[in-house]
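Below, read A as the first sequence line, B as the second, and so on, with proteins coming before strands; counting in each chain starts at 1.
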Amino acid sequence: MASMKSYESNINRVNESYVDRIFLMSNTSLLVIVTLIILLPLIFIVSASFSSAEAVIAGRVTLWPVDFSLLGYETIFEHKKVWNGFANSLFYTFFGTIFNVAMTIIAAYPLSRQDLIGRRVITFAFIFTMLFSGGLIPTYMVVRELGLLNTRWAMILPTGIGPFNLLITITFFRTTIPPELIEAARIDGASDFRTFRSVILPLARPIIAVLTLFYAVNTHWNTYFQALIYLKDQDLFPLQIVLREILIQNSIDASMLIDVEDLVAREGLRDLLKFSLIVVASLPVMIIYPFVQRHFVKGMMIGSVK
Amino acid sequence: MLSGANRSNLWLRIRRNWQLYVLLALPLIWLIVFRYAPMYGAQIAFRQYSPAFGMEGSPWVGLANFERFFNSPKFEPVIINTLVLSFYSLIAGFPIPIILALSLNQVKARFFRSSVQMITYAPHFISTVVIVGMLFQFLHPRVGLTASLANLLGLNAPNWMGDPGAFRHIFVWSGVWQETGFSAIIYLAVLSTIDPALHEAAVVDGASRLQRIRYIDIPGLLPTAMVLLVLSTGRVLEISFEKVYLMQSPLNLAVSEVINTYVYKVGLLSPILDFSYSTAIGLLKGIVGLILVIAVNHAARRLTDNSVW
């Protein structure tokens, strides 16, 4: 960090040449354009969600709400299916993530110990699943044999351990916990269980934060594939499946729109509802993401060490 | 004598660490049940599976299921669609994060830099369903932004989501939109490890910023870029099921049916479920994918001394 600073200040002392100033200006403009390209679709969606159904259907919304209205949000608020999906997703994300993180940690710690006989073979057995799998149907048959089809377990148990997450956890343990520390605990008479609980777990907090985020967002909250193949019962559907029905398959409960007399307005409400739903569905992750993004970045960094 | 001593030594080390094996037990059971049992179950690709006989009771049919796929009219389009979509994504998605990282690396202003990072990472955290939902709304011929802009200009709004010719472009470029920022993270990390002395020396020698990018930054990124390229080339057959499936419609099926969606439909969606046929196609994809990863990694090691393992 110190060398970084001195380098910065050295550069600052040198007057930028004419060519470099032109370059920096075009560079900044490029970044502004890129940022706008990312932002514009998002601004449009948010603007449309706060517009009136008439403005939406007439295609009058661009980058600012037209005829400000909260009708879309009010309609969603009464949509039971959406809230049920929300609750289910919270359930799967919460318990699933606990299961994933616990399994990953108890697998990674032994595998990070240089003195464990067989660690290479076992680590390879995990990594191999990143390169090859039995496939969709054989996995489905196992889940069916275990009687997990159409149960909440099917959303949690099969996710287990992500090989990439296991790798970064092993790397983390190997690079941050000196073998001398474990040796010292052993000399003090601590068993491996005791060492794991009292020495390793407290030191593992940063990697637990990273794993929690990776699993919660990537494995649970944002996915629908597991639910698509394993669940039949509507009451068990996570939010993403409900979103798929409404946003993609266009199936909106007609009773939701019944209050609106005019056919055109009803059509408009249908689209308005989608805009609002996109905003509501992305909100939880979008709100917490700025606070936790550094953990994601950290996880990516540990991963790139390997 | 020596081997006997070694063996008892080995036993001693295993026994001394027995609690570590206890910790590993649960993850290992999970691994066997949910990852390796399906690999064993993939043998139904070589049988004619029927629920009445079960997995191990169904008759062997050799390679019949594979032959059926090779001879099926679906074979060619499914393979071509998968490869085209993969390579298009790879070619479009590979260089842009590198350019973004190089560009961001030139920015000294903290606030500007972190704002650009924050905004460009954001789409990564939006779910696939919402992204595709956004595409449908955004490109909607009546309510979309493209429609509103066309209205302003007095043009007819295009219906891109219903146009099979546009499917690949929409799929790939929306992916670039979503992932560029997040993919740049790793390159930014590598750039921050480049020795500042190199830049200082170059400045003293009168190198312009562009020259320093060309002769210091890009060579510094190359090893990482190679490894990532290898990884993605090995995965060309694995197109995100989630996104393709959501974007599919009867209109664009001719260009949007890929191996993963076909396997799903044959196995779990069609009126007559064909577990064996579906498993055979999936297995074929898995084996070819495995060979690809190994081959490409081998090539990378010979070319650059950088390999994944």
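When each of Leu145(B), Val130(B), Leu100(B), Ile185(B) is scored by its heavy-atom pairs under 4.5 Å with chain A, the top score falls to Leu145(B). Across Leu243(A), Val32(A), Leu136(A), the residue that shares the most heavy-atom pairs under 4.5 angstrom with chain B is Leu136(A). Contact count versus chain B (heavy atoms, under 4.5 Å) is highest, among Val19(A), Val143(A), Leu42(A), Ile127(A), for Leu42(A). Each of Pro27(B), Ala109(B), Gly41(B) has some count of heavy-atom pairs under 4.5 Å with chain A, and the biggest count is that of Pro27(B). Note: Asp115(A) leads Leu39(A), Val34(A), Leu40(A), Asp115(A) in heavy-atom pairs under 4.5 Å with chain B. When each of Ile105(A), Ile241(A), Leu157(A), Asn218(A) is scored by its heavy-atom pairs under 4.5 Å with chain B, the top score falls to Leu157(A). Among Leu149(B), Leu283(B), Leu104(B), Leu269(B), the residue making the largest number of heavy-atom pairs under 4.5 Å with chain A is Leu104(B). Options Ile14(B), Leu268(B), Asn260(B), Ile281(B) differ in how many heavy-atom pairs under 4.5 Å they form with chain A, and the most are formed by Leu268(B). Contact count versus chain A (heavy atoms, under 4.5 Å) is highest, among Arg13(B), Arg142(B), Arg35(B), Gln137(B), for Gln137(B). Interface check for chain B: of the options Ile37(A), Val142(A), Asp20(A), the most heavy-atom pairs under 4.5 Å are formed by Asp20(A). By number of non-hydrogen pairs under 4.5 angstrom with chain A, the leading residue of Gly267(B), Gly282(B), Ser208(B) is Ser208(B). Contact count versus chain B (heavy atoms, under 4.5 Å) is highest, among Pro158(A), Gly134(A), Gly160(A), for Pro158(A).
Taking all atoms of both residues into account, the shortest heavy-atom contact from Val129(B) to Tyr224(A) is CG2-CD2, 3.6 Å. Of all heavy-atom pairs between Met39(B) and Thr129(A), the closest is CE-CG2, 4.4 Å. Residues Gly133(B) and Ile248(A) approach most closely at N-CD1, 3.7 Å, considering heavy atoms. Closest of all the heavy-atom pairs between Val217(A) and Phe125(B) is CG1-CD2, 4.2 Å. Across all their heavy atoms, Met286(A) and Ala122(B) have their closest contact at CE-O, 3.2 Å. The minimum heavy-atom distance between Ile119(B) and Tyr289(A), with the atom names listed, is N-OH, 4.4 Å.
Looking only at distances, no side-chain donor or acceptor of Thr139(A) sits under 3.5 Å from a matching main-chain atom of Pro38(B). Judged purely by atom type and a 3.5 angstrom limit, Tyr36(B) uses its side chain to pair as donor or acceptor with the backbone of Ala125(A).
For chain B, the nearby part of Leu111(A) is the side chain; its heavy atoms alone come within less than 4.5 Å. For chain A, the nearby part of Ile213(B) is the side chain; its heavy atoms alone come within less than 4.5 Å. Residue Phe136(B) touches chain A through its side chain alone, counting heavy-atom pairs closer than 4.5 Å. Both the backbone and the side chain of Ala107(A) come within less than 4.5 Å of a heavy atom in chain B. If you measure heavy-atom distances from Leu30(A) to chain B, the contacts under 4.5 Å come from the side chain alone. Contact annotation for Ile43(A): neither backbone nor side-chain heavy atoms come within less than 4.5 Å of a heavy atom of chain B. If you measure heavy-atom distances from Ile45(A) to chain B, the contacts under 4.5 Å come from the side chain alone. Contact annotation for Ser26(A): neither backbone nor side-chain heavy atoms come within less than 4.5 Å of a heavy atom of chain B. Proximity to chain B is limited to the side chain of Leu24(A), based on heavy atoms less than 4.5 angstrom apart. Of the atoms belonging to Thr195(A), not a single heavy atom falls under 4.5 Å from chain B. The parts of Asn17(B) that come within reach of chain A are both its backbone and its side chain, each placing non-hydrogen atoms under 4.5 angstrom from that chain. For a residue to count as touching a neighbouring chain, one of its non-hydrogen atoms must lie under 4.5 Å from one of that chain's; by this rule Ile161(A) touches chain B with backbone and side chain alike. Within the 4.5 angstrom heavy-atom criterion, no atom of Ala108(A) approaches chain B. For Met103(A), the parts lying under 4.5 angstrom from a heavy atom of chain B are both the backbone and the side chain. For a residue to count as touching a neighbouring chain, one of its non-hydrogen atoms must lie under 4.5 Å from one of that chain's; by this rule Arg16(B) touches chain A with backbone and side chain alike. Both the backbone and the side chain of Val56(A) come within less than 4.5 Å of a heavy atom of chain B. For chain B, the nearby part of Phe23(A) is the side chain; its heavy atoms alone come within less than 4.5 Å. Heavy atoms closer than 4.5 Å to chain B are found in both the backbone and the side chain of Thr35(A). Contacts between Leu152(B) and chain A at a heavy-atom distance below 4.5 Å involve the side chain alone, from C-beta outward.
Using a 4.5 Å heavy-atom cutoff, the side chains of Leu23(B) and Asp192(A) are not in contact. Taking the side chain as every heavy atom from C-beta outward, Val107(B) and Asn27(A) approach each other to under 4.5 Å. Looking at heavy atoms from C-beta onward, Thr223(A) lies in side-chain contact with Glu242(B) at the 4.5 angstrom threshold. Two residues are said to be in side-chain contact when any heavy atoms from C-beta on lie closer than 4.5 Å; Pro123(B) and Ile38(A) meet this criterion. Between Leu247(A) and Val132(B), every side-chain heavy-atom pair lies at or beyond the 4.5 Å cut-off. Contact annotation: the side chain of Val33(B) approaches that of Leu146(A) to within less than 4.5 Å [non-hydrogen atoms, C-beta and beyond]. Side-chain contact between Ile137(A) and Tyr264(B) is absent, with no heavy atoms from C-beta onward closer than 4.5 Å. Counting only heavy atoms from C-beta outward, the side chains of Leu24(B) and Ile122(A) approach each other to under 4.5 Å.
For CZ of Arg235(B), the number of neighbouring non-hydrogen atoms (other residues, nucleotides, ligands) closer than 6.0 Å is 12 at most. The 12-atom threshold is not exceeded at CZ of Arg194(A), counting heavy atoms of other residues, nucleotides or ligands nearer than 6.0 Å.
Distance CD1/Ile131(B) to OG/Ser282(A): 8.0 Å, rounded to 0.5 Å. In this structure, the separation between CZ on Phe275(B) and OH on Tyr140(A) is 5.5 Å, given to the nearest 0.5 Å. Between the CG atom in Leu116(A) and the OH atom in Tyr21(B) there is a gap of 4.0 Å [rounded to 0.5 Å]. Rounding to the nearest 0.5 Å gives a distance of 7.0 Å between OG1 of Thr279(B) and CE of Met141(A). Note that CG of Leu210(B) and CD1 of Ile22(A) are 12.0 Å apart. Values are rounded to the nearest 0.5 Å.
Between Trp30(B) and Phe126(A), the two ring planes are parallel [angle under 30°; tilted spans 30° to 60°]. Ring orientation note: the planes of Phe193(A) and Trp18(B) are nearly perpendicular, at an angle over 60° on the 30°/60° scale.
Among the candidates Leu239(A), Asn222(A), Ile278(A), Val285(A), the single residue satisfying the side-chain contact (heavy atoms from CB on, under 4.5 Å) test with Ser127(B) is Asn222(A).
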